[in-house]
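Values below: every heavy atom of this structure, side chains too, minus hydrogens, waters and symmetry copies. For the single chain, residues carry numbers from 1 onward in sequence order.
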Amino acid sequence: MKKTFTINISGTVFHIEEDAYEVLQKYLVNLKNHFGASDEGKEILADIEARIAEIFIEQGDKEQKVVTIDMVNSAIAIMGTPEDFNDEDEEQTEETDTDRKAAEDEAKRRRRLYRDPEHRVIGGVCGGLGAFFNMDPVVLRIIFVALFFITASAAFFAYIILWIAVPKAKNTAQRLEMRGQEATVKNIEKSIKEEMNDVKESFKKFKDSETYDKGKRNMEAAGDATYSVLKLILRVAVIVIGVMLIVTGFLGLLGFISSMVIGHSLVEGWPMIWSPEIETSGFFNHFVEPGVFNWGLIFIGLLAGIPLLAILFIGTKLVFRYRTNNTAIGLTMVGVWLIALVALMIMSVSQIGNFKNRSSFTETQTISCDSCQTLYLNVGDDKYKEYAKEDIEIDNMKIAVVDGEDVLLGRVKLDVERSGNNEFAVLIKKSSRGKTRELAKETSEGIIYRFERKDSTLWFDPYFILGENEKWRGQEVEITVKVPDGKAVHLNDNMVEIISDIENVSNTWDNDMVGKTWVMKPEGLTLKEASAVEESGKKENVK
């Protein structure tokens with residue numbers, strides 16, 4: 001038993017004996033060396049392989065399906081070798097009429113009917129019939145059209161049947177069979193070269209034709225026109241963008257300068273914007289160290305102004321197209337902007353550090369009044385009501401202008417608690433923030449707050465005042481009135497301004513506690529009227 005291989009020829013799988021494989025491989029290599037690696041040569045080899053596959057299928061044993069050495073030799077004999085036609089003389093011998101007629105009859109007998117895809121109008125049926133009968137396909141098309149009217153459309157159905165039943169000539173070997181030529185290596189090569197020459201000649205004629213030149217000129221003109229239109233549109237778009245950047249940069253700079261220098265005069269009445277009556281520098285100087293605001297204003301001006309200048313610069317460059325050293329200008333602006341950003345961040349962190357720690361300072365004053373069973377609490381007159389700027393209030397802080405000087409005012413908070421002895425007392429706790437606890441305590445000691453006593457009545461100022469040149473550091477003043485057991489306090493109606501979450505037995509809200517007298521009992525602060533009712537009820541029960 002001979003050794004076999006499995007090979008693929010033109011998409012068809014065959015089993016081939018070892019000696020047959022060696023002969024076939026040598027034959028195909030010989031053809032490849034002859035035709036070369038060009039596109040034309042590859043196409044010739046592909047058609048030759050397709051024809052060899054057809055020969056193997058026709059000659060093969062359907063049961064064994066093995067290609068033998070005899071089958072390979074037979075296929076080579078049919079196809080021919082390059083040596084067979086390389087040695088032929090260039091001059092062809094003249095054929096006699098008898099020989100020519102015999103050859104034509106033999107070719108006619110070998111012809112097969114295919115649809116010709118290269119000479120088709122619809123399906124290639126007439127082209128295939130013309131090749132089979134050696135007729136002009138135009139004549140056959142005229143006959144089909146005439147039969148269509150004569151046979152009442154029967155020719156149409158005949159054409160459709162032929163279109164479906166007749167296969168299409170897909171490769172060179174089939175196209176040769178369609179014309180009655182033997183599908184040999186020489187004929188395949190000749191057919192492909194003729195097709196390639198026809199294509200080249202057609203393209204050369206088209207290229208040399210007036211239509212090609214005219215079309216080329218039209219395409220070039222259309223390309224130039226399209227380029228000009230696109231260039232014009234791009235130029236207009238660049239100018240429009242440049243104008244928008246100029247307007248944006250100019251208005252931005254104008255608004256920024258007016259806001260920073262003139263005092264927000266262009267944005268007066270906008271929400272969240274301070275009015276021109278506020279002196280911005282004076283306001284911020286209450287919060288930051290001296291000179292910090294001016295430097296901060298400069299840095300903010302650079303941070304906001306440089307991008308606006310860059311927008312204005314880019315816009316003018318787009319519109320007027322002047323040449324400048326963009327790299328030097330750009331790097332300079334970026335460097336200044338980064339320096340301003342870093343400096344502002346460092347300065348901001350430094351100022352935030354002023355609020356890092358909190359400390360407090362407490363003052364205690366005993367209210368000596370042996371005969372006083374009830375202490376009356378009132379809020380004094382607001383001395384700064386006419387001077388305070390009502391549109392500025394931050395964290396219960398206000399600014400008042402007295403004799404041309406700004407005064408920082410802070411709301412106080414008052415609470416009532418049990419006393420540890422038999423005397424009334426007032427505790428004033430002042431607290432503040434600072435960079436260190438020592439600085440925070442020093443700042444809290446600088447808080448100014450006053451209250452006064454007239455007999456059994458205490459008058460509390462509604463605000464505390466920061467000392468001269470003191471900065472806002474979250475200062476607070478908390479007042480605690482200490483009441484002994486069995487004694488009472490009366491909260492005047494105006495105390496609603498300063499009392500803060502006073503605990504009582506009935507859990508009465510601060511707003512409802514004013515205008516009433518409250519007695520300190522072991523269980524807590526109790527409304528005096530309720531206490532009197534309870535005592536009366538106890539006496540009746542005893543009786």
Side-chain angles (χ1 to χ4, degrees), residues 358-380 395-396 410-432 437 440-441 444-445 447-464 474-542:
R358 174 174 283 278
S359 183
S360 61
F361 170 75
T362 303
E363 298 176 343
T364 303
Q365 184 173 344
T366 302
I367 308 299
S368 300
C369 183
D370 296 336
S371 61
C372 298
Q373 295 298 315
T374 300
L375 195 64
Y376 295 87
L377 308 182
N378 283 277
V379 175
D395 194 20
N396 291 323
R411 281 282 185 182
V412 298
K413 298 178 181 179
L414 185 142
D415 194 7
V416 178
E417 295 180 357
R418 175 181 287 104
S419 174
N421 51 41
N422 294 325
E423 293 183 338
F424 290 101
V426 176
L427 277 65
I428 300 177
K429 180 182 179 182
K430 303 175 183 179
S431 61
S432 176
R437 294 183 64 84
K441 184 176 181 180
S444 64
E445 292 174 352
I447 297 174
I448 301 172
Y449 181 73
R450 299 183 181 88
F451 74 95
E452 60 180 348
R453 173 190 172 188
K454 293 182 179 179
D455 297 330
S456 59
T457 301
L458 298 181
W459 295 87
F460 295 96
D461 286 348
Y463 298 102
F464 64 87
Q475 290 90 336
E476 293 180 356
V477 171
E478 298 176 356
I479 305 170
T480 303
V481 178
K482 297 289 187 175
V483 181
D485 287 344
K487 294 187 177 183
V489 290
H490 178 82
L491 303 177
N492 195 38
D493 290 337
N494 56 16
M495 287 294 293
V496 72
E497 300 177 12
I498 64 173
I499 60 176
S500 175
D501 195 20
I502 299 177
E503 293 186 2
N504 57 83
V505 173
S506 56
N507 290 324
T508 303
W509 286 11
D510 291 341
N511 290 354
D512 296 330
M513 292 184 69
V514 297
K516 300 178 176 65
T517 301
W518 297 83
V519 179
M520 184 60 68
K521 289 193 170 186
E523 60 270 19
L525 202 61
T526 306
L527 186 62
K528 186 175 182 180
E529 288 76 5
S531 177
V533 171
E534 289 178 2
E535 293 294 336
S536 176
K538 290 180 180 179
K539 292 180 180 179
E540 289 180 358
N541 291 333
V542 172

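The side-chain heavy atoms of Asp501 and Asp415, taken from C-beta on, include no pair separated by under 4.5 Å. Counting heavy atoms from C-beta outward, Leu525 and Met513 have side chains that approach closer than 4.5 Å. Inter-residue side-chain proximity for Pro462 and Arg411 is flagged as met; some heavy-atom pair is nearer than 4.5 Å.
Side-chain atoms of Arg418 do not come within 3.5 Å of backbone N or O of Gly420 as any donor-acceptor pair. Between the Ser419 side chain and the Glu417 main chain, no donor and acceptor come within less than 3.5 Å of each other. Without hydrogens or angle criteria, Tyr449 side chain to Asp461 main chain gives a donor-acceptor distance under 3.5 Å.
Atoms CZ and CD1, from Phe361 and Ile447 in turn, are 10.0 Å apart once rounded to the nearest 0.5 Å. Here the CG-CZ distance, from Asn494 to Phe460, works out to 11.0 Å after rounding to the nearest 0.5 Å. Considering OG1 of Thr457 and CG of Leu375, their distance stands at 7.5 Å, rounded to 0.5 Å. Expressed to the nearest 0.5 Å, how far NZ of Lys516 lies from CG of Asn492 amounts to 12.5 Å. To the nearest 0.5 Å, atoms CG (Asn378) and CD (Glu452) are separated by 10.5 Å. Summarising the geometry, atom CG belonging to Asp510 is positioned 11.0 Å from atom CD1 belonging to Ile498; distances are rounded to the nearest 0.5 Å.
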**Message:** With side chain to side chain contact (heavy atoms under 4.5 Å, CB included) as the criterion, how do Ile428 and Lys430 come out once you've worked through the C-alpha distance, each side chain's angles and the decisive distance to 0.1 Å?
**Reply:** CA-CA 6 Å; Ile428 300 177; Lys430 303 175 183 179; 4.1 Å; yes

**Message:** If you apply the rule side chain to side chain contact (heavy atoms under 4.5 Å, CB included), what do you find for Val489 with Phe424, and how did you get there?
**Reply:** CA-CA 10 Å; Val489 290; Phe424 290 101; 4.3 Å; yes

**Request:** Show your working on side chain to side chain contact (heavy atoms under 4.5 Å, CB included) between Val412 and Phe451 and close with a plain yes or no.
**Result:** CA-CA 11 Å; Val412 298; Phe451 74 95; over 6 Å; no

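Within a 6.0 Å sphere centred on CD of Glu503, other residues, nucleotides and ligands contribute 12 heavy atoms or fewer. Annotation: Lys429, atom NZ; neighbour count of heavy atoms from other residues, nucleotides and ligands within 6.0 Å does not exceed 12. By the 6.0 Å contact criterion, CG on Asn421 is enclosed, its count of non-hydrogen atoms from other residues, nucleotides or ligands being greater than 12. For Lys441, the NZ atom counts as loosely surrounded, since its 6.0 Å shell holds 12 or fewer non-hydrogen atoms of other residues, nucleotides or ligands.
The side chain to side chain contact (heavy atoms under 4.5 Å, CB included) test with Ile479 singles out one residue from Leu458, Val416, Leu427, Val426, and that residue is Val426.
Summarising the geometry of Val514 relative to Val496, their closest heavy-atom pair is CG1-N, 3.7 Å, with the distance given to 0.1 Å. Taking each heavy atom of Asn504 and Ile502 in turn, the nearest pair found is ND2-O, 3.2 Å. When every heavy atom of Ser432 is checked against every heavy atom of Ala440, the shortest pair comes out as O-CB, 3.6 Å. Residues Val483 and Met520 approach most closely at O-CG, 3.6 Å, considering heavy atoms.
Glu476 and Lys413 are not joined by a salt bridge, as no carboxylate oxygen comes within less than 4.0 angstrom of a charged side-chain nitrogen.
Thr508 and Ser506 are linked by a side-chain donor-acceptor pair at a separation below 3.5 angstrom, with hydrogens and angles left out of the test.
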